[in-house]
Amino acid sequence: MMGIDRYRNNIKSLTHFLFAGCLLASVSLSAQQTKVLQHGAHRVGKRTDAEMATWRGYGLGQFIHWGVYSLFGGELNGNYYNGAAEWIRSWKDMPHGVYDSAYKQFNPASFNATQWAKMAKQMGVRYVTFTTKHHDGFCLWPSKYTDYTIANSPYKKDIVKQVVDAYSKEGIDVYLYFSVMDWHNPDWRYDLKTKEDSAAFERFKLFTKNQLTELLQQYPQTKGLWFDGTWDNSWKKSGAFTDTLEQYLKTLHPGLIIGSRFRADEFGNRHVDANGVLMGDYEQGWERKIPKTYADVHGNDWDCVMTIPENGWGYQKKWLGHWKSTNEILEMTAQCVSLGGNFVLNFGPRADGTFRPEEVTIAKEAGDWMKINSAAIYNCEYTGWEKQDWGYYTKKTGENKVYMIVFNVPVSGSLKIKPAKNTLVDKAYLLTAPGKNLSLEKLDYGASFIHVSSTGYKQPFVIVLETKEGSEKSDEQKAKT
Ligand code: K80
């Protein structure tokens, strides 16, 4: 039974793992501390291959949650709730029979994958993560391992294929979201307490492996898999299987990118193994929250997935409460890139395949900004410079270029900069006016001011700093205290 209590339990266990994501122990691997693990991390530090370098440089991504839940739009008996609309099947007043037959009405007459991909392209996203199967178990591709698929809806056509093809054609890399937890499959278990549970879960593991193999074989353009619904004891007790499966998928599809939500070690640790080392290609715990400092990311690759409303991923007819403005979204993007991560914004299309006007506007406005300023977002990384109150620094990977993405101009109009050690600023100019150098007023301790107008901004703007190696020769007196 998937009642509200089950839902609460899941929230509790998920909260645990999201916290774990924040608290990744910065364990130093001294000989005594290191446990010998068969199914722990197989690598310390970041991946160094070309596929991962591409991933690292994306800067901005799109998430799409679309499925049977989109038909309900978070409405149950005429009421709307703040809960996540894609979880509506688990809400206490939702009869499962009603939900489980709703796919017979899933017929997105206005769905046009090319239009979706063009909107995403216009927005400037460089990768998309698309829900192939959410917790409800409904497959947007014609999986041969279950009848609960798009093939048996009135729409019939393969949606995953259309999305993969259309986005790939626009040059946007495609990642497939896949929920391991599956409320439709009778063999799914939250825990393995009896022999019968274990037998059922053996069948479920094979089903999962088959579906994943099917996805990678049918959509070979796929760059990575984005797993969800992996926090329950049944999966945590399957550490060896999850490890073997991950390696199998990567053999099947070299270069495949899989985040830290997928597997567990043999002790049931998730995200990081018993030695505190990340398992997976990037840290996947930053859901609807952003690290504050570089120390928070523990030297790992990471991305942040974010909703536009406060919570909820699938289509919600009525957004209750705050939803983010384009400037807030741009600020989150800048913040993520400044700390070496990517920012991924979620969209929840309606069941007919159209996007709500708020999402269309945000995509358009963010895209207009990206058209001018994407140099400060794409292929950029953490600078190591001391953060200042006006906004965020990013650095072009492999180049001597630092970007200041300015959100908060102080009333003085004076923007303070303080390069990292052994770095000097050679030139400063607005990204939009490369020929016109801005003057730098030298301050003590290697800092400078750039003076700009203190008023009149509607959007963040970017200043480029060309840098060189060296340190300031100065005769300034350090204060004696
Ligand atoms: C599952 C469970 C909780 C408590 C919060 C979010 C989630 C799922 N992960 C997001 C990426 C969505 O898919 C959401 O349904």
Side-chain angles (χ1 to χ4, degrees), residues 2-22 61-74 76 81-92 94 99 125 127-140 160 163 175-184 188 190 224-236 257-262 270-271 280 282-290 302-316 319 321 324 332 336 341-349 359:
M2 188 58 225
I4 192 77
D5 286 334
R6 186 66 248 171
Y7 178 57
R8 288 214 189 92
N9 286 343
N10 279 325
I11 291 194
K12 214 169 126 215
S13 63
L14 188 67
T15 312
H16 282 277
F17 100 65
L18 290 174
F19 272 120
C22 275
Q62 181 186 40
F63 211 149
I64 296 185
H65 276 72
W66 201 38
V68 168
Y69 42 83
S70 316
L71 287 162
F72 297 91
L76 194 51
Y81 302 86
N82 253 331
E86 73 282 1
W87 274 70
I88 197 164
R89 185 186 184 277
S90 73
W91 295 3
K92 112 172 152 322
M94 172 62 84
Y99 190 95
V125 306
Y127 67 130
V128 65
T129 304
F130 183 68
T131 47
T132 61
K133 176 178 92 162
H134 204 263
H135 310 328
D136 61 8
F138 184 71
C139 300
L140 292 180
V160 173
V163 168
Y175 292 72
L176 303 180
Y177 169 106
F178 183 94
S179 171
V180 169
M181 175 170 74
D182 185 321
W183 298 334
H184 192 84
W188 163 255
Y190 291 96
L225 299 170
W226 203 101
F227 287 102
D228 207 5
T230 47
W231 45 78
D232 286 297
N233 279 340
S234 50
W235 196 251
K236 292 200 313 202
I257 294 173
I258 297 178
S260 65
R261 238 182 242 206
F262 184 52
R270 298 184 55 250
H271 293 273
Y282 64 95
E283 208 217 309
Q284 213 187 334
W286 298 102
E287 178 163 318
R288 295 199 299 115
K289 63 183 192 295
I290 302 177
W302 62 278
D303 71 2
C304 164
V305 293
M306 186 59 75
T307 53
I308 297 173
E310 287 293 90
N311 191 11
W313 303 79
Y315 176 58
Q316 170 90 23
W319 276 347
K324 295 169 189 66
M332 290 176 165
C336 288
N342 294 320
F343 181 74
V344 180
L345 188 67
N346 181 69
F347 290 71
E359 291 182 349

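Each ligand, and each atom within it, is numbered from 1 in the order the structure gives. Below, all heavy atoms of this structure are taken into account, side chains as well, without hydrogens, waters or symmetry copies.
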Open item on the list: For the aromatic rings, using the six-membered ring if either is Trp, is the centroid distance between Tyr69 and His134 under 6.0 Å?
Closed with: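 Between His134 and Tyr69, which both carry aromatic rings, the centre distance is below 6.0 Å.
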
Open item on the list: Taking the ring centre of each residue, are Tyr81 and Trp91 less than 6.0 Å apart?
Closed with: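 That pair passes the under 6.0 Å test.
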
Task: Where ligand 1 meets Tyr177 - atom numbers and elements under 4.0 angstrom, heavy-atom basis - done: 13 (O)

Open item on the list: Using a 4.0 Å cut-off to any heavy atom of His134, which atoms of ligand 1 qualify?
Closed with: 12 (C), 13 (O), 14 (C), 15 (O)

Task: Proximity flag Tyr69 to ligand 1, non-hydrogen atoms under 4.0 Å - done: no

Open item on the list: Tell me whether Asp228 reaches ligand 1 (any heavy atom closer than 4.0 angstrom to a ligand atom).
Closed with: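 For ligand 1, residue contact (heavy atoms, under 4.0 Å) with Asp228 is present.
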
Min N/O separation [X] to ligand 1 under 3.5 Å:
X	value
Glu86	yes
Trp87	yes
Trp231	no

Open item on the list: Could you walk me through whether Val344 and Cys304 satisfy the side chain to side chain contact (heavy atoms under 4.5 Å, CB included) test, starting with their C-alpha distance in whole Å, then the side-chain angles of each, then the deciding distance to 0.1 Å, before giving a yes or no?
Closed with: CA-CA 6 Å; Val344 180; Cys304 164; over 6 Å; no

Open item on the list: Judged on heavy-atom distance to atom 10 (C) of ligand 1, which of Met181, Arg288, Glu287, Met306 sits nearest?
Closed with: Glu287

Task: Within-4.5 Å side-chain heavy-atom neighbours: Arg288 and Val305 - done: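 No, too far: nothing below the 4.5 Å cut-off.
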
TODO: Give me the ring orientation class for Trp188 and Tyr190: parallel if the planes are under 30° apart, tilted from 30 to 60°, perpendicular past 60°.
DONE: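 Rings of Trp188 and Tyr190: perpendicular, over 60°.
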
TODO: Verify the distance criterion only: is there a donor paired with an acceptor across the side chains of Asp136 and Tyr99 at less than 3.5 Å?
DONE: yes

